[in-house]
Chemist: 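Sharing a structure here in structure tokens format.
The first residue of the sequence shown is numbered 1, and numbering continues consecutively from there. One-based numbering, in listed order, for ligands and for the atoms of each.
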Amino acid sequence: MPGARRPLPRVRAGEMLQRLAEMYPAVTTALRFETPFELLVATVLSAQCTDRLVNQVTPGLFAVYPTAEAMAGAGAEDLEPLISRCGLFRSKARHLAATARLLVQRHGGGVPERMEELLALPGVGRKTANCVLANAFGLPGLAVDTHVFRVANRLGLARGTTPAQVEAHLQRRCPPEQWGQLHHRLIWHGRLVCHARRPACPGCALLPLCPEGRNRSRGGGVEAAGGD
Ligand code: SF4
């Protein structure tokens, strides 16, 4: 594994967080939404699906089912044709129909603002719940998706083998009021620079601080050609 042959340099987490903030000063989710319900639905749809495609699909879905109350009256078979361009659309349709009913039954049609209540909704895991908390309500939430997982580990901000471990490590590095922004900054850095297969280390502003980048610069961690 890259970086495993010698001890990693001391990670300067504060400096990294500051530099990330300068690089990505005002970032937010790429998912388009007007209400917490719309964000919850869009985030569920975004699993194994690009935000761009979700943004193409949700206007048609929300035109028919704009609220939990409206969607609660639908069955999965009603939702499927509207979201069929998204991966795993059949299970997502099932989850969304069941979630809408639970929102009406338990939360008066609103979206709860507590992690445990969000996790009780079908198809909602920690990543989705954290996205909703941070982006819909401005509450502390640090969702770990594939970009956050990869970039945080490469930078040494986290050393985790599971999303839950990475989430816990990042939360210790960063004050709660910055969790949502850190999530977006790591995502954008993963999308724009720190690609999965071919990270653009030579031009990366974090290279002087990054254990993985420095190891690659010394000739370690060379991966097969290909792009993201
Ligand atoms: Fe990623 Fe390379 Fe930048 Fe480190 S130096 S964050 S590995 S692109």
Chemist: Tyr65: which residues meet the ring pair (Phe, Tyr, Trp, His ring centres under 6.0 Å) condition with it, sequence neighbours left out?
Modeler: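 None.
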
Chemist: Sort by chain and number the protein N/O/S atoms that are closer than 2.8 Å to atom 3 (Fe) of ligand 1, and list them.
Modeler: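 Per the 2.8 Å query on atom 3 (Fe) of ligand 1, atoms found are Cys204 SG.
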
Chemist: Mind checking whether Ser217 and Leu207 have side chains closer than 4.5 Å, heavy atoms only?
Modeler: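 Yes, close enough: below the 4.5 Å cut-off.
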
Chemist: Side chains of Arg101 and Gln105: do they bring a donor and an acceptor to under 3.5 Å?
Modeler: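 Looking only at side-chain atoms, Gln105 and Arg101 do not form any donor-acceptor pair under 3.5 Å.
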
Chemist: With heavy-atom distances below 4.5 Å as the criterion, would you say the side chains of Met71 and Leu79 are in contact?
Modeler: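 They are in contact (side-chain heavy atoms under 4.5 Å apart), so the answer is yes.
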
Chemist: Heavy-atom distance under 4.5 Å between the side chains of Phe137 and Val111, does that happen here?
Modeler: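 SC-SC contact between Phe137 and Val111 confirmed.
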
Chemist: Could you check if a side-chain atom of Leu102 sits within less than 4.5 angstrom of a side-chain atom of Pro122, using non-hydrogen atoms only?
Modeler: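 Of all side-chain heavy-atom pairs linking Pro122 with Leu102, at least one is under 4.5 Å.
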
